[in-house]
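Have a look at the structure below before the remarks.
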Amino acid sequence: MFKITAYGVRPIEVPYFHKLNHNHYDLNLVPDLLDQQNANVAKGSDGVLLRGNCQADRHNLEQFKEWGINYVFTRTVGVDHIDLPAAQELGITVARVPSYSPYAVAELALTLGMTLFRKVGAELTNTHAGRFTVADSYFSKEIHSSTVGIIGCGRIGAAEARLYAGMGTTVLGYDPNSSDPHQKNGIPLVDLPELLQRADLVSLHVPLIAGQTENLIGATELQMMKPAAILINTARSQVVNLAAVTTALQHHQLGGYGADVVVDERHIFGNDFATLADLPSPELRHLMEHFPNVIITPHVGSFTEPALQDMITTSYQNFATTIAT
Ligand code: NAD
């Protein structure tokens, strides 16, 4: 029986791993993320399975190779946490989960968007502190008569577009990779400046590609956006220039920033800080301390039951097809 060590398995995930295994694999489920200290718990395994915030750097991969581990699986779409050139050099096969329920992230993006759009974040903070006055700043538009711009019209972007379209919202998309210049996955396409100028809320669903989507939304793009429009980022932190977001919020040019992703996630998500002052990112701390219209979730976009089941099922399929060949 092949032995798989899975890192970063949360307690709530354990029954799903066992239920979907059908006794095919000898599972070593490790709650900790992969790091230099605990790599050796995989000794004796045939393959390892990673979560997104496990970092498989060259050193870890060299150790795996030394221990006869020739397979690194990740239960994520992205592989930016794995040193792919090193894996290739060492002859380690890497396999990922190319897709899982896109509604997991799309629903969270919509929730962040609506929370800011209807000022619910600020309202909740105030009512829970005993302040029930209706502030003028709570005044809002309605989403059904507004326009949402989706940047990156792939699986998640298309799912969010369908959710907004169901509420009667006008949806526009921008995606340079489309065989049809007029639409992608049912979303009418416009160029980026037009989308930024017309949207009341902009939602990002692009992959992080160095030199292409890094800093895709910076000062210039923020200035093109409608005054007080909202920006939602469930993609990757580096797609947005946070310094430019801070400036746009200071000048009330941006109506709010909602994100499920932050810089240096490995040192932030998965940790509990006594106060915001202990956050290792001064930029994030400043945003969260000073702007009630900034809302951050701890990278939970894909933390839903259907998405988890898809990830584990595809990981088992990856074990079967990759290790068997
Ligand atoms: P996808 O590959 O289906 O879609 C990405 C789309 O972005 C593609 O249509 C592509 O053409 C487009 N694109 C590429 N470069 C672009 C650019 N410069 N401008 C505009 N569009 C561009 O991917 P997906 O499954 O929809 O996932 C999108 C991203 O969401 C992932 O890459 C990942 O970073 C992020 N994600 C976040 C979570 C979370 O938990 N928050 C979970 C899964 C994925």
Side-chain angles (χ1 to χ4, degrees), residues 8 10 13 50-54 74-82 96-113 148-164 171-196 199 202-218 220-221 224 231-241 257-263 265-266 268-270 295-308 310-311 314-315:
R10 298 180 178 95
E13 298 173 334
L50 307 178
R51 207 171 82 194
N53 35 5
C54 289
T74 179
R75 50 191 172 106
T76 54
V77 177
V79 285
D80 43 85
H81 53 298
I82 302 171
R96 68 187 180 112
V97 171
S99 68
Y100 50 81
S101 171
Y103 286 98
V105 182
E107 285 181 7
L108 181 75
L110 177 121
T111 306
L112 290 171
V148 164
I150 303 281
I151 301 185
C153 305
R155 291 171 336 101
I156 298 173
E160 194 186 17
R162 285 190 286 275
L163 295 175
Y164 274 115
V171 180
L172 301 173
Y174 167 68
D175 194 316
N177 311 311
S178 178
S179 48
D180 178 346
H182 303 296
Q183 67 84 31
K184 183 164 184 179
N185 290 325
I187 309 173
L189 294 178
V190 292
D191 61 24
L192 185 56
E194 182 178 343
L195 181 144
L196 295 169
V202 172
S203 192
L204 302 170
H205 297 294
V206 294
L208 175 63
I209 307 171
Q212 283 184 42
T213 58
E214 218 172 342
N215 286 321
L216 184 67
I217 303 297
T220 311
E221 290 71 26
M224 282 184 201
L231 180 63
I232 302 299
N233 183 7
T234 56
R236 287 291 178 266
S237 175
Q238 299 93 316
V239 171
V240 169
N241 184 318
Y257 180 62
D260 188 41
V261 285
V262 300
V263 275
E265 288 200 4
R266 200 174 150 66
I268 297 181
F269 292 155
I295 53 173
I296 307 289
T297 47
H299 207 143
V300 285
S302 52
F303 196 46
T304 66
E305 188 178 55
L308 179 70
D310 289 351
M311 282 176 208
T314 308
S315 295

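Just so you know, these numbers use all the heavy atoms, side chains as well, and skip hydrogens, waters and symmetry mates. Note that the structure is a prediction, hence the values are computed from the model and not measured. Each ligand, and each atom within it, is numbered from 1 in the order the structure gives.
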Tell me which donor-acceptor pairs under 3.5 Å the side chains of residues 204-218 have, and how far apart each pair is, sequence neighbours excluded?
residue, atom, partner, partner atom, Å
His205, NE2, Glu160, OE1, 2.7
His205, NE2, Ser203, OG, 3.1
Thr213, OG1, Pro207, O, 2.6
Thr213, OG1, Ile209, N, 2.6
Glu214, OE1, Gly211, N, 3.4

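Residues satisfying the side chain to side chain contact (heavy atoms under 4.5 Å, CB included) test with Ser178, not counting sequence neighbours, are Asp180, Lys184, Leu189. Scored by the side chain to side chain contact (heavy atoms under 4.5 Å, CB included) test, Val77 finds Arg96, Tyr100, Arg155 as partners (sequence neighbours excluded).
The one candidate from Ile150, Leu192, Ile187 that meets the side chain to side chain contact (heavy atoms under 4.5 Å, CB included) condition with Tyr174 is Leu192.
Annotation: ligand 1 has protein neighbours Tyr100, Val105, Ile151, Gly152, Cys153, Gly154, Arg155, Ile156, Tyr174, Asp175, Pro176, Asn177, Lys184, His205, Val206, Pro207, Thr213, Thr234, Ala235, Arg236, Asp260, His299, Gly301, Ser302, each with a heavy atom less than 4.0 angstrom from the ligand.
With hydrogens and angles ignored, the 3.5 Å screen pairs a side-chain donor or acceptor of Glu13 with a backbone N or O of Arg10. Judged purely by atom type and a 3.5 angstrom limit, Ser101 has no side-chain atom pairing as donor or acceptor with the backbone of Ala307.
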